[in-house]
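Have a look at the structure below, then the notes.
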Amino acid sequence: MKAVCWMGTGKVEVQTVADPAIINPSDVILRVTRTAICGSDLHLFDGYIPTMESGDILGHEFMGVVEEVGTEVKKLKRGDRVVVPFTIACGNCFFCKKDLTSLCDNTNPNARVCEEMYGYSGSALFGYSHIYGGFAGGQAQYVRVPFGDVGPIKIESDIDDEKVLFLSDIYPTGYQGAENAQIQPGDTVAVFGCGPVGLFAITSAYMLGAGRVIAIDRFPERLALARDYCGATVIDYSEKDMSVLEALRDLSDGIGPDSVIDCVGMEAHGTDVTALYDKVDQALMLETDRPTALRQCIQAVRKGGTVSIPGVYGGDLDKLNFGAAFGKGITMKMGQTNMHKYLKPLLDRVYAGQIDPSFMISHRIGINDVPDMYKTWRDKKDNVTKIVIDPFRDSGIEKLRSKAA
Ligand SMILES: [Zn+2]
Ligand SMILES: [Zn+2]
């Protein structure tokens, strides 16, 4: 089969590799009909996540049709169409039973490495380095899905693939980000970052009762989606003389937003002095993350407010304004998405037409286009907002006009 392989920092290639096979009786083999490139794939592409090995198959956002099932799989059969959550969970451990499936105790065979870094390991992830299990990802024509009865959710209608694909990660991730923001009816919520997770955090914040959502980014195509499709008030932080903190204060009766959601994560762009300091540090491997956005979130939130962090962080943060967090008595909630509990309720919202998650797709590509499009995505060229891949089409980039434009 053809698969997208990580071949070193900044290097992604399409290779012909062996088809996956059933290893455990609970496995499912999927023929991938749609997959996507995620913002967090860039952390791998840019070399910020350790323990990647040359030839690792990338991709954790995918869906497809069941090709083969292991002998213990009960809920799925050949021909079923499913979406697969990016976290791999056993469904049966202490954490899974509490719906904390991203913290599953049983699925990461390399837990020891994570335990050394973090104390305890989270669940395994598809296509996301060997510290997270070394599982082959779904930017490929076929993929092996462990725990076939636990993760994949069956699509019961003939709804288009691209309307349900993002249940694999970014929609639940944005939703959990909004849920973790502890929004009360009428609240003002600020969302840092209008990438795919940020856009879903905005729409989810409104669904959870926010009165006003303010979205911060610097790319016009993202700000346009945030404003025109998601209904946010937008701030372009790259504007001359723009002070995001002052703008947020002005938009929230002078006290600051009730909740702030960091949808940026470890590779924040940032323009201030500490951002430059972070860039040097990260380049010298003294610091693993550049927490510019997180610092601003902590600074911006009102006293007693909540900072929610769906953005990904990997290591030790330098110059984090923890004193501000303490001094203002804020709550911080974060973590990988507990995908499994959101799939059904969010799929029902899609069926009901409350949201069409495909609104953010800007490019539909074939598998041979993927290496170039990693660069386009990294550099935010060509008005890119989200890339989906048809792994059985060789090449040809379809540019979709966003519905907001
Ligand atoms: Zn993702
Ligand atoms: Zn578990």
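Both counts, for ligands and for their atoms, begin at 1 and track the order of listing.
- To the nearest 10 degrees, the angle centred on the Zn ion (ligand 1) between OE2 in E61 and OD2 in D169 reads 100°.
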message: Walk me through whether F126 and F62 qualify under ring pair (Phe, Tyr, Trp, His ring centres under 6.0 Å).
response: CA-CA 10 Å; F126 287 101; F62 57 89; 5.0 Å; yes
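- Geometry at the Zn ion (ligand 1): SG/C38 and NE2/H60 form an angle of 110°, nearest 10 degrees.
- For the atom pair H340 NE2 and S123 OG, the distance stands at 8.0 Å (nearest 0.5 Å).
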query: Would Y237 and Q296 satisfy side chain to side chain donor-acceptor pair (under 3.5 Å), going step by step from the backbone distance to the final call?
result: CA-CA 12 Å; Y237 72 80; Q296 289 189 332; over 6 Å; no
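- Vertex the Zn ion (ligand 2), arms ending at SG of C96 and SG of C90: the angle is 120° after rounding to 10 degrees.
- Our summary of the site lists the angle at the Zn ion (ligand 2) between SG of C104 and SG of C93 as 110°, to the nearest 10 degrees.
- Aromatic pair Y142/F392: ring centres closer than 6.0 Å.
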